[in-house]
Amino acid sequence: MTEIRLTNTKTRKKEVFTPIDPDNVRMYVCGPTVYDRAHLGNARPVIVFDVLYRLLRHVYGADHVTYVRNFTDVDDKINAEAQRRKAAGDPRSLEELIRERTEETIGWYHADMDALGALRPTVEPRATDFIGQMIGMIEGLIASGHAYAKDGHVLFRVRSYQGYGKLSGRTVDDMIAGARVEIAPFKEDPMDFVLWKPSDADLPGWESPWGRGRPGWHIECSAMSHELLGDSFDIHGGGIDLQFPHHENEIAQSKCAHPEAEFAKVWMHNEMLQVEGKKMSKSLGNFFTVRDLLDKGIPGEVIRFVFLSTHYSKPMDWTLPKSREAIRTLRDWISVAEQSAQVPNAEVIAALADDLNTSLAITKLHELFSGGSYAELTASAKLLGFDLLALKSASWATPFERRDLVEWLDYNATVGSLGWGHFSEDTVTAIHNLLRRWMTLRWEAKWSQADDLKRSAELIGLRFEVSKSKDGTSSGTAHIEGDFDPAKLEALK
RNA sequence: GGCGGGUUGGCGGAGAGGUUACGCAGCGGAUUGCAAAUCCGUGUAGACCGGUUCGAUUCCGGUACCCGCCUCCA
């Protein structure tokens with residue numbers, strides 16, 4: 001059996017992974033708050049843990065891995081959007097508007113993450129379906145002295161859990177000294193965090209022993225992971241920004257609610273995404289969603305490839321040159337993909353098993369490609385989530401070629417076009433006519449006119465080339481670039 | 001201020017205490033008005049200062065710079 005080693009944030013070491021139950025390996029990953037389209041940063045944990053999920057399924061069997069990723073569908077940003085729609089005159093109730101907003105956002109999320117080649121988790125629980133379990137857990141925490149109710153709020157008593165701060169390497173006193181903590185009047189200690197808070201009539205709420213209210217952010221993951229995966233499970237993942245306070249608070253709640261259990265054995269955190277060297281943020285104007293990229297014609301697999309080319313524990317920079325390089329590599333691989341019973345390459349598996357070294361795994365794929373081991377390349381790429389065979393039918397990966405043999409002046413010439421995607425007969429004929437015009441000008445040695453035409457063609461995404469063979473036959477080729485727009489052809493006719 | 005991560009050749013990006021990473025770009029050739037594609041060949045590194053060692057880019061210490069979290073933005 002393949003030995004998997006993973007860096008555990010809890011111990012800050014790379015450890016051999018030993019599942020609690022090899023027949024049911026259990027992983028929980030913090031999912032999105034469903035108030036809007038997923039931005040590019042949201043995609044990183046999805047892709048990283050998708051590769052881990054695929055590796056675990058490969059090693060332990062597809063039916064022996066349970067992957068839970070939640071939807072946070074109770075949140076102030078969701079409420080704000082629903083209230084905005086209500087204020088805009090929508091006659092429906094707030095609850096209906098919230099439900100509609102979260103439903104449509106979940107639909108977008110699924111579509112976008114599917115496009116990135118991410119498998120759907122085994123279970124995708126919604127926080128609002130587990131309110132009862134959250135209330136039960138909070139009641140238990142109050143009973144055991146780890147939480148207290150005050151003014152309709154319930155707070156977790158941070159000082160009651162001595163392990164608090166261990167995951168993120170801080171102490172309660174350090175953090176208070178940091179002076180960035182909110183000091184609310186109902187808190188015993190500034191670091192205490194909210195388990196339950198009251199809702200007024202304008203906010204969604206559920207009846208509870210502390211009045212009508214809604215859960216705090218952290219309790220949902222503790223309640224849902226316990227309900228779906230049990231007291232203790234194998235892997236808990238998410239972005240490094242969640243390490244504190246979200247994961248720290250999850251640990252405190254779960255360990256105090258179930259003191260006999262271990263909760264998550266291995267904690268994994270992916271580093272952040274950057275865009276052209278900077279943090280993605282609305283104020284810098286470099287903020288965009290996965291859908292924005294897909295709509296610009298960047299295939300999901302290309303996004304996935306760029307993400308996996310950097311190890312998950314390092315900041316990953318999204319740049320345009322990287323996506324261009326990725327599309328070329330994928331096209332090369334797709335063009336040679338072969339159906340076979342081949343199993344993934346051992347070195348590729350070993351790279352992934354060594355703390356998800358996707359970058360090294362891609363290096364091995366390059367070597368399989370250059371070594372001509374195409375069946376093995378196909379099988380190995382699939383382990384990383386690239387279905388090269390299926391991509392053969394993707395428009396962006398379909399080579400386009402048409403060659404017309406024509407009588408041309410005093411020799412036979414071939415006029416052809418090359419590109420990626422599908423183009424109509426009329427479009428290609430028009431391209432070939434342009435190409436012939438260019439070749440005529442060249443034949444007549446009208447170089448400046450020829451160059452002018454070539455430049456104009458380049459502006460609409462056509463690159464002309466000519467080559468001459470030894471017998472005096474010459475052939476012209478029009479390269480159809482990614483930004484070619486058939487509609488612009490008219491102007492050059 | 002507290003905690004954590006990073007700094008590798010033109011660019012991206014890994015492993016390993018000593019032996020070619022790999023990809024892209026570049027350069028030379030097959031071949032050319034210019035240019036593209038393909039093939040063959042090829043150069044370039046380890047932020048800085050110390051230490052350990054026969055030997056460090058790889059281990060240890062320090063410095064500089066960059067980034068993240070501490071604000072319910074992954």
Side-chain angles (χ1 to χ4, degrees), chain A residues 9 12 29-33 35-36 38-49 72 74-77 165 167-182 191 193-194 197 215-220 237-249 269-274 277-283 287 305-306 308-311 313-317 319 321-326 328-329 332 347 350-351 354 357-367 369-370 418 442 445 447 450-451 454 458 463-470 474 476-479 481:
Chain A
T9 311
R12 291 166 213 289
V29 173
C30 289
T33 301
Y35 68 102
D36 205 353
H39 65 245
L40 193 62
N42 289 307
R44 194 163 188 204
V46 172
I47 292 172
V48 165
F49 292 105
T72 299
V74 49
D75 175 88
D76 289 345
K77 286 188 289 292
L167 179 73
S168 50
R170 347 172 162 217
T171 66
V172 175
D173 292 323
D174 280 347
M175 287 183 280
I176 290 170
R180 285 233 212 172
V181 286
E182 171 200 359
M191 289 309 295
F193 59 89
V194 171
K197 53 192 168 187
W217 174 36
H218 316 291
I219 192 69
E220 61 173 86
I240 188 71
D241 56 326
L242 295 179
Q243 185 187 25
F244 186 90
H246 183 56
H247 290 161
E248 200 72 72
N249 293 354
H269 292 100
N270 61 276
E271 253 293 348
M272 298 288 98
L273 172 100
Q274 299 188 340
K278 293 201 169 87
K279 181 182 174 171
M280 184 168 76
S281 73
K282 285 174 179 164
S283 58
F287 182 96
F305 189 99
V306 170
L308 294 183
S309 66
T310 299
H311 192 256
S313 66
K314 288 193 173 185
M316 207 283 305
D317 198 13
T319 66
K322 280 187 181 180
S323 69
R324 291 203 192 99
E325 198 175 316
R328 284 187 48 165
T329 302
D332 282 348
E347 287 187 87
D354 184 12
N357 194 337
T358 51
S359 174
L360 186 61
I362 286 174
T363 291
K364 298 300 173 191
L365 296 183
H366 278 300
E367 289 170 3
F369 174 75
S370 56
L418 289 172
R442 286 166 44 86
W447 302 117
D451 289 349
K454 186 180 175 179
E458 274 169 5
R463 202 182 70 240
F464 291 163
E465 292 167 14
V466 72
S467 62
K468 194 185 278 182
S469 65
K470 294 206 163 62
S474 93
T477 305
H479 288 267
E481 305 285 6

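Please read these numbers as outputs of a predicted model, since none were measured by experiment. Lettering of chains follows the sequences in order, A, B, ..., and the numbering in each one begins at 1. When reading the values below, keep in mind they use all heavy atoms of this one structure, side chains included, and skip hydrogens, waters and symmetry mates.
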A.B. asks: Taking only distance into account, with no hydrogens and no angle test, what donor-acceptor pairs under 3.5 Å do side-chain atoms of residues 357-364 of chain A form with protein atoms, sequence neighbours excluded?
C.D. replies:
residue	atom	partner	partner atom	Å
A:Asn357	OD1	A:Leu360	N	3.0
A:Thr358	OG1	A:Leu308	O	2.7
A:Ser359	OG	A:Ser309	O	3.4
A:Thr363	OG1	A:Ser359	O	3.4
A:Lys364	NZ	A:Glu347	OE1	3.1

A.B. asks: How far apart are the closest heavy atoms of A:Leu242 and A:Gly238, and which atoms are they?
C.D. replies: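 In terms of heavy atoms, the two residues are closest at CD1-CA, 4.4 Å.
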A.B. asks: Between B:C34, B:U7, B:G15, which one does the side chain of A:Asn357 approach most closely?
C.D. replies: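 Minimum distance to the A:Asn357 side chain belongs to B:G15.
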A.B. asks: Which atom names give the shortest non-hydrogen contact between A:Phe244 and A:Met191, and what distance separates them?
C.D. replies: CZ-CE, 3.9 Å
A.B. asks: Among all residues two or more places apart in sequence or in another chain, which pass the side chain to side chain contact (heavy atoms under 4.5 Å, CB included) test with A:Glu271?
C.D. replies: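 Checked A:Glu271 against side chain to side chain contact (heavy atoms under 4.5 Å, CB included); matches are A:Arg44, A:Ile240, A:Pro315.
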A.B. asks: Can you check the distance between B:G68 and B:C73, where both ends of the measurement are the P atom (answer in whole Å)?
C.D. replies: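 One P to the other, the span is 15 Å.
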A.B. asks: Quick one, A:Phe49 with A:Asn270, criterion side chain to side chain contact (heavy atoms under 4.5 Å, CB included). Give me CA distance, side-chain angles, the key distance, then yes/no.
C.D. replies: CA-CA 9 Å; A:Phe49 292 105; A:Asn270 61 276; 3.9 Å; yes
A.B. asks: Please tell me which of the listed nucleotides, B:C72, B:A74, B:C70, lies nearest to the side chain of A:Phe244?
C.D. replies: B:C70
A.B. asks: Mind checking if A:Arg463 touches a base, just sugar-phosphate, or nothing, with heavy atoms under 4.0 Å?
C.D. replies: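 The answer is sugar-phosphate, as A:Arg463 gets under 4.0 Å only of primed atoms, P, OP1 or OP2.
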A.B. asks: Measure the distance from CE on A:Met316 to P on B:G6 and round it to the nearest whole Å.
C.D. replies: 17 Å
A.B. asks: Rounded to the nearest 0.5 Å, how far apart are CZ of A:Phe369 and OG1 of A:Thr329?
C.D. replies: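 Atom-to-atom, A:Phe369:CZ and A:Thr329:OG1 are 8.5 Å apart.
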A.B. asks: Look at the side chain of A:Glu248 and the backbone N and O of A:Ser168, then say whether any donor-acceptor pair between them is shorter than 3.5 Å.
C.D. replies: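 A pair under 3.5 Å: yes.
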A.B. asks: Using atom C1' of each nucleotide, how far apart are B:A30 and B:G46 to the nearest Å?
C.D. replies: 36 Å
A.B. asks: Got a list of protein N/O to nucleotides 17-21 of chain B N/O distances below 3.5 Å?
C.D. replies:
residue	atom	partner	partner atom	Å
B:A21	N1	A:Thr363	OG1	3.2

A.B. asks: Please work out whether the ring planes of A:His218 and A:His246 are parallel, tilted or perpendicular, with thresholds of 30° and 60°.
C.D. replies: tilted
A.B. asks: Provide a list of protein-nucleic acid N or O atom pairs under 3.5 angstrom, restricted to nucleotides 24-28 of chain B.
C.D. replies:
residue	atom	partner	partner atom	Å
B:C24	O4'	A:Glu325	OE2	3.3
B:A25	OP1	A:Arg328	NH1	3.1

A.B. asks: Using a cut-off of 4.0 Å on non-hydrogen atoms, how would the nucleic acid contact of A:His39 be classed: base, sugar-phosphate, or nothing?
C.D. replies: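 Base contact - A:His39 has a heavy atom under 4.0 Å of at least one base atom.
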A.B. asks: Please tell me if the side chains of A:Asp317 and A:Lys322 come closer than 4.5 Å, counting only heavy atoms from C-beta onward.
C.D. replies: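 Yes. Closest side-chain heavy atoms under 4.5 Å.
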A.B. asks: Distance check, C1' atoms only: B:G12 and B:G26, in whole angstrom units.
C.D. replies: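 Pairwise C1' distance, B:G12 against B:G26, rounds to 15 Å.
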A.B. asks: Compare the minimum distances between each of B:G68, B:C72, B:A14 and the side chain of A:Asp75, then state the nucleotide with the smallest one.
C.D. replies: B:C72
A.B. asks: Starting from the 5' end of RNA chain B, give me the residue, A:His479 or A:Pro321, whose nearest nucleotide shows up first.
C.D. replies: A:Pro321
A.B. asks: Whole angstroms only, please: what is the NZ-P distance between A:Lys314 and B:G13?
C.D. replies: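 Going from NZ in A:Lys314 over to P in B:G13 covers 8 Å.
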A.B. asks: Heavy atoms from C-beta onward define the side chain here; which of B:A74, B:A35, B:C70 lies closest to that of A:Lys454?
C.D. replies: B:A35
A.B. asks: Main chain of A:Leu167, side chain of A:Arg12: is a donor-acceptor contact present, judged purely on distance under 3.5 Å?
C.D. replies: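 Checked: pair present.
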A.B. asks: With rounding to the closest Å, how many angstrom separate the P atoms on B:C3 and B:G51?
C.D. replies: 29 Å
A.B. asks: Kindly point out which of B:A74, B:C22, B:A14 is positioned nearest to the side chain of A:His366?
C.D. replies: B:C22
A.B. asks: Starting from Watson-Crick (N1-N3 plus N6-O4 or O6-N4) and G-U wobble pairs under 3.5 Å, report the runs of at least three that RNA chain B belongs to.
C.D. replies: B:1-7 with B:64-70, B:10-12 with B:22-24, B:26-30 with B:38-42, B:47-51 with B:59-63
A.B. asks: Measure the distance from CD1 on A:Ile240 to C1' on B:G5 and round it to the nearest whole Å.
C.D. replies: 8 Å
A.B. asks: With A:Asp354, which residues qualify under salt bridge (Lys or Arg N to Asp or Glu O under 4.0 Å), at least two apart?
C.D. replies: A:Arg5, A:Lys14
A.B. asks: Roughly how many Å apart are B:G61 and B:G6, using the P atom of each and rounding to a whole number?
C.D. replies: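 My reading of the P atoms in B:G6 and B:G61 gives 13 Å.
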A.B. asks: In the structure I gave you, are the side-chain heavy atoms of A:Met316 and A:Val306 within less than 4.5 Å of one another anywhere?
C.D. replies: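 Side-chain contact under 4.5 Å: yes.
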A.B. asks: Mind checking the CG-CD spacing from A:Asp75 to A:Glu220? Nearest 0.5 Å is all I need.
C.D. replies: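 Rounded to the nearest 0.5 Å, the CG-CD separation comes to 9.0 Å.
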A.B. asks: Is the phosphate of B:G12 approached by A:Ser309 (side-chain N or O, under 4.0 Å from OP1 or OP2)?
C.D. replies: no
A.B. asks: If I pick the P atom on B:C72 and the same atom on B:G2, what distance separates them, to the nearest angstrom?
C.D. replies: 22 Å
A.B. asks: Describe the nucleic acid contact of A:Gly41 in one word from base, sugar-phosphate, nothing, applying a heavy-atom distance below 4.0 Å.
C.D. replies: base
A.B. asks: In whole angstrom, give me the gap between the C1' atoms of B:U53 and B:A21.
C.D. replies: 25 Å
A.B. asks: Provide, to the nearest angstrom, the distance between the NE2 atom belonging to A:His269 and the C1' atom belonging to B:A74.
C.D. replies: 11 Å
A.B. asks: Tell me the interatomic distance from A:Lys322, atom NZ, to B:G23, atom P, rounded to whole angstroms.
C.D. replies: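 Roughly 17 Å, once rounded to whole Å.
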A.B. asks: Within this structure, what is the CD-to-P distance between A:Glu220 and B:A74, rounded to whole angstrom?
C.D. replies: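 Rounded to the whole Å, the gap is 12 Å.
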A.B. asks: Tell me the interatomic distance from A:Lys77, atom NZ, to B:C72, atom C1', rounded to whole angstroms.
C.D. replies: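 Result: 7 Å.
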A.B. asks: Give one of base, sugar-phosphate or nothing for A:Leu273, where a contact means two heavy atoms less than 4.0 Å apart.
C.D. replies: base
A.B. asks: Quote, to the nearest angstrom, the P distance that separates B:C27 from B:C70.
C.D. replies: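 Those two atoms are separated by 47 Å.
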A.B. asks: Atom CG of A:Leu167 and atom P of B:C3: how far apart are they, to the nearest Å?
C.D. replies: 16 Å
A.B. asks: I'd like to check A:His247 versus A:Cys30 (side-chain heavy atoms, cut-off strictly below 4.5 Å). Are they in contact?
C.D. replies: yes
